[in-house]
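Report on the structure given below.
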There are 2 protein chains.
Amino acid sequence: MARATKKKTSETPEKTTRIQEINRRLILDAALDVFSTYGFRGTTIDQIADKAGMSKPNLLYYFPRKQNIYVTLLEETLEEWLAPLAEIDPEGDPIEQLRKYITLKIRMSESHPEASRLFANEVLHGAPAISEFLSKHLKPLVDDKAAVIRRWVGEGKLAPVDPYHLIFMIWATTQHYADFDVQVRAIMGNQVGRPGFREQTAQAVLSIILNGIRPRG
Amino acid sequence: MARATKKKTSETPEKTTRIQEINRRLILDAALDVFSTYGFRGTTIDQIADKAGMSKPNLLYYFPRKQNIYVTLLEETLEEWLAPLAEIDPEGDPIEQLRKYITLKIRMSESHPEASRLFANEVLHGAPAISEFLSKHLKPLVDDKAAVIRRWVGEGKLAPVDPYHLIFMIWATTQHYADFDVQVRAIMGNQVGRPGFREQTAQAVLSIILNGIRPRG
DNA sequence: CTGCATTTTGACCAACTAGTCAAGTTTTTG
DNA sequence: CAAAAACTTGACTAGTTGGTCAAAATGCAG
């Protein structure tokens, strides 16, 4: 009776096997690629199955509905996407904290552009699958950090600025480079791929925003 | 022989009748609504026909392919969307010109959010229908204005800033309020609808960006 | 008012796609 | 090494959707 996991008849706990772990990952990785490029409706299960290297019925064995894959992917992504915001330290130096936050967001935008586009596409279409997440998780977190920024402003450590709009501006600007990548490429051409491009971007964005909110005599 | 238009047999010129004008407009207006909400693949011809108040075959009489409606809509939108950028006056006061530009973009984002979302969705998915427009029309215009901004910087009228990233930042920030409307609403709640909201937004955005690029001693 | 051109539509079709199923194969376990 | 559990798949189905077509209705010039 010591080890409950040794029971033979299948029970509710539903342990995941090695194969399950591998295949779920394979599917989710493939799906992120496809969903972020074609959107939910624009993606077919066959496309994902092909990319994941398995048959459609097999894929459906792991995720019985197309929607399941999509939602799982969004959930996985959202946590990771929000993490940097939570890391803003209320006791740290305001300019330094925001510099770190912006830098981190730009880095994520470059390293995980698919995640950014998946999220952007979902929100653009009215966030049908994550509206609850937005109000239950995102809003409280933003409210919390907005209060911190407002306090900093009150202490004269930042120029008077609406904290919400500041956060939106940081999001918009950093994610722009992932979401509107083709547009950026159409305008800046081969510069985009070049080694120092991310640093140059970060430099420009930081320069404008940080100078824009630095306290003024 | 004086009036060529009086020929009876149908010829190439293809004049548009009164009914054609009305119905094409009806279809495009309905389509903008639907496409901007559900994307290209997510939209059905039936949806558009319903919203336009006509039968599907009738709609297809005016636009033989779904793609035709979509492309027409994008073309119509793009010109309008870019116009404010062209209006930046190289001889005007830099800060004043950029203030005007940002203000105009925020106003458009509020008055035509569907157009913004239509465009955002297209670019997000790799701009398959407008990549030519981006390189042939958008790029030259941006290059032109970037040169103006660079000159202003050289003349010490603006803080040293990369003109392309500045333009991207303005686009990203202003369009964010249209494209990510549900997210903004989830966080700021009923404030969004309120009368002074656009002014408050404009004030915050202008304050950060303009102070961020104002020349510093 | 007449005859031609334009507009409108019901019925239909072919392609596509999410999801099912039953029958097989492989892996795990006692 | 057997038997059960887990995994895999070809063949299929039902629903959706972009687009066709022929015939009917309407608009309009002379």
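Only a predicted model underlies this, so the values are computations on that prediction, with no experimental measurement involved. Letters go in sequence order (proteins before strands), and every chain restarts at 1.
Between I48(B) and I27(B), the shortest heavy-atom contact is CG2-O, 3.9 Å.
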Salt bridge (Lys or Arg N to Asp or Glu O under 4.0 Å) between E76(A) and R25(A), intermediate numbers included: CA-CA 12 Å; E76(A) 270 195 14; R25(A) 192 70 266 144; 3.1 Å; yes

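Exactly one residue among T174(A), D179(A), N121(A), D181(A) makes a side chain to side chain donor-acceptor pair (under 3.5 Å) with S116(A). That residue is D179(A).
The phosphate of dC7(D) has OP1 or OP2 within less than 4.0 Å of a side-chain N or O from Q20(A). When the side-chain nitrogen and oxygen atoms of T17(B) are compared with OP1 and OP2 of dT7(C), one or more of them lie within a distance under 4.0 Å.
Using cut-offs of 30° and 60° for the angle between ring planes, the H125(A) and H125(B) rings count as perpendicular. Using cut-offs of 30° and 60° on the angle between ring planes, the pair F168(B) and Y164(B) is tilted. Note on ring orientation: taking the six-membered ring where Trp is involved, the planes of Y70(B) and F35(B) are perpendicular (angle over 60°, cut-offs 30° and 60°).
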Could you run down the sub-3.5 Å N/O contacts of the protein with nucleotides 24-28 of chain C?
{"residue": "dT28(C)", "atom": "OP1", "partner": "R18(A)", "partner atom": "NH2", "Å": "3.1"}

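Listed in residue order, the members of residues 24-40 of chain A having a heavy atom less than 4.0 Å from DNA chain D come to none. A heavy atom lying under 4.0 Å from DNA chain D marks the following residues of residues 46-67 of chain A, by number: S55(A), P57(A), N58(A), Y61(A), Y62(A).
Centroid-to-centroid, the aromatic rings of H165(B) and Y177(A) come within less than 6.0 Å.
Rounding to whole angstrom units, CD1 of residue I69(B) and C1' of dT17(D) are separated by 14 Å.
Panel note: side chain K139(A), backbone Q183(B); no donor-acceptor pair is recorded below 3.5 Å.
No more than 12 heavy atoms of other residues, nucleotides or ligands sit less than 6.0 Å from atom OH of Y38(A).
I45(B) places none of its side-chain heavy atoms less than 4.5 Å from the side chain of I69(B).
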